[in-house]
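All values below were derived from every heavy atom in this structure, side-chain atoms included, with hydrogens, water molecules and symmetry-related copies excluded. For clarity, every value in this text was computed on a predicted model and none was experimentally measured.
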Amino acid sequence: MKTRTLPAILAFSSVSVFADISGEIGETVSKTQTAHNLESWWGKDVVQADVLIDFGGMIAVDGTFTFEAHGPKARYDRKDGTTIFFDGETAWVHPAEAEASRGRFHVLTWPWFIMAPFKMEGDGIQLSELEEGTFNGEPRVTLLQTFGSGVGDTPDDWYRFFINPDTGVIEEMSYIVTYGKDAETANEEPSIIRYLDYSDGSDPIISQTYEFWLWDPENQTYAADQPKATGTVSNITYLDLDEEVFAIPEGARELTLPDVD
């Protein structure tokens, strides 16, 4: 199975388009989003959460993300006092002299990973290859997500959702990352995220613990003995929209896309 990833460089509306998705794919999307409490998601304006991503002892992300539930704007407040912004079109870092080599990637990717169940469909998103099978010996329904030309920073990315056929919850999501590299190279290194520790209650059902693995698509299992990274999403809260939160400070430096290796 091939897969295309959507690292956080995309900002799609969450407007439901079930009527435009036909047959079994539409039914699968509806069941999955309902399982993640889509109805509750519609009532949210802004999401805030602390995110920690650890790549084998190297901390890649550590701070607070604040982002629109149904819009493109986001900010990442790092523990070191640096803030990365995305204004809907481009990314910025403040203070301007702060190091932010992957700041544009981070401010877009992690909110999207958090929101993945609610971003299964929307403008520019293509869904295909609905299949039944197994992953790591467990039954799964899988669905490929790709993107139209010119959509977001990295339209060559893809994702494949691995859905529990009984509960409708997304258990895993495979992907590639073309940020800073070409699609051919990225497709040689597919990964898969394992979503764990789902929240419950009346709010959106969101994973609070991540495992990132190398993925073996031929055998539908992990391609290593242990995850390459782990992550946590904590202190999830929902706020009213305040445009000042996303305002770009004077003197901020624009973060452009990196050259492709």
Side-chain angles (χ1 to χ4, degrees), residues 5-11 46-69 72-87 90-119 152-154 157 159 170 172-181 186 189-199 204 206-215 226-239 245-246 248 252-258:
T5 185
L6 165 74
I9 300 158
L10 301 171
V46 173
V47 186
Q48 188 171 82
D50 295 334
V51 180
L52 177 66
I53 306 295
D54 181 350
F55 277 82
M58 184 183 73
I59 303 301
V61 172
D62 188 8
T64 300
F65 284 79
T66 307
F67 52 93
E68 292 181 307
K73 295 179 181 178
R75 63 181 285 168
Y76 165 32
D77 292 285
R78 298 192 323 207
K79 287 287 184 66
D80 64 3
T82 300
T83 301
I84 313 295
F85 296 86
F86 186 73
D87 64 7
T90 192
W92 305 82
V93 58
H94 186 269
E97 65 273 13
E99 188 283 327
S101 59
R102 292 180 69 81
R104 184 172 179 134
F105 173 82
H106 289 314
V107 74
L108 288 165
T109 298
W110 304 106
W112 199 89
F113 274 10
I114 293 169
M115 293 189 291
F118 312 106
K119 297 292 187 179
D153 281 354
T154 54
D157 288 351
Y159 295 104
I170 296 172
E172 299 90 16
M173 184 175 71
S174 58
Y175 63 95
I176 61 169
V177 175
T178 59
Y179 187 83
K181 66 181 73 171
E189 303 172 337
S191 297
I192 191 163
I193 179 174
R194 185 183 182 195
Y195 286 115
L196 300 163
D197 188 25
Y198 273 104
S199 61
I206 291 174
S207 170
Q208 299 171 106
T209 303
Y210 299 162
E211 289 179 354
F212 299 89
W213 296 76
L214 295 174
W215 175 46
Q226 59 186 9
K228 61 181 179 178
T230 58
T232 59
V233 179
S234 60
N235 299 320
I236 302 169
T237 56
Y238 299 96
L239 311 172
V245 171
F246 301 108
I248 309 303
R253 170 169 57 94
E254 183 177 0
L255 298 174
T256 57
L257 278 167

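- Rounding to the nearest 0.5 Å gives a distance of 4.0 Å between OH of Y195 and CD1 of I193.
- Nearest heavy-atom pair, L214 versus I192, reported as atom, atom and distance to 0.1 Å: O-CG2, 4.4 Å.
- The shortest distance between side-chain heavy atoms of F113 and V51 does not fall below 4.5 Å.
- Every residue meeting the side chain to side chain contact (heavy atoms under 4.5 Å, CB included) condition with S199, not counting sequence neighbours, appears here in chain and number order: I206, Q208.
- For the ring pair (Phe, Tyr, Trp, His ring centres under 6.0 Å) test, residues two or more places apart in sequence or in another chain that qualify with F212 are W110, Y210.
- In this structure E211 satisfies the side-chain hydrogen bond (donor to acceptor under 3.5 Å, both in side chains) test together with R194, W213, sequence neighbours excluded.
- Looking at residues two or more places apart in sequence or on another chain, you find a side-chain hydrogen bond (donor to acceptor under 3.5 Å, both in side chains) between T82 and R78, D80.
- When all heavy atoms of S207 and L196 are compared, the pair lying nearest together is OG-O, 2.8 Å.
- Between K119 and A69 the shortest heavy-atom distance is NZ-O, 3.8 Å.
- In the model, E189 has no side-chain atom that pairs as donor or acceptor with a side-chain atom of S191 under 3.5 Å.
- Two residues are said to be in side-chain contact when any heavy atoms from C-beta on lie closer than 4.5 Å; V47 and Y238 meet this criterion.
- For Y76, the ring pair (Phe, Tyr, Trp, His ring centres under 6.0 Å) partners are F65, not counting sequence neighbours.
- Every residue two or more places apart in sequence or in another chain that forms a side chain to side chain contact (heavy atoms under 4.5 Å, CB included) with P117 is listed here: H36, I170.
- Considering all non-hydrogen atoms of both residues, A96 and A252 come closest at CB-C, 4.5 Å.
- Nearest heavy atom pair, residue I53 against residue G231, reads CD1-CA, 3.8 Å.
- With sequence neighbours left out, T230 forms a side-chain hydrogen bond (donor to acceptor under 3.5 Å, both in side chains) with no residue at all.
- For D62, the salt bridge (Lys or Arg N to Asp or Glu O under 4.0 Å) partners are K79, not counting sequence neighbours.
- Looking at residues two or more places apart in sequence or on another chain, you find a side-chain hydrogen bond (donor to acceptor under 3.5 Å, both in side chains) between D77 and R75, T83.
- A heavy-atom distance below 4.5 Å is found between the side chains of V46 and F246.
- Between V107 and I84, the shortest heavy-atom contact is CG2-O, 3.6 Å.
- In this structure, CZ in R253 is found 13.5 Å from CD1 in I248, a value given to the nearest 0.5 Å.
- Distance CD/E68 to CZ/F86: 10.5 Å, rounded to 0.5 Å.
- A distance of 7.5 Å separates CZ of F85 from NE2 of H94, quoted to the nearest 0.5 Å.
- Every residue two or more places apart in sequence or in another chain that forms a side chain to side chain contact (heavy atoms under 4.5 Å, CB included) with T232 is listed here: L52.
- Atom CZ of residue R104 and atom OG1 of residue T256 lie 7.5 Å apart, to the nearest 0.5 angstrom.
- Q48 pairs by the side chain to side chain contact (heavy atoms under 4.5 Å, CB included) definition with T64, T66, T237, L239, not counting sequence neighbours.
- Using a 4.5 Å heavy-atom threshold, the side chains of E172 and W215 count as separate.
- Here the straight-line distance linking atom NZ of K228 with atom CG of D54 works out to 13.5 Å at 0.5 Å rounding.
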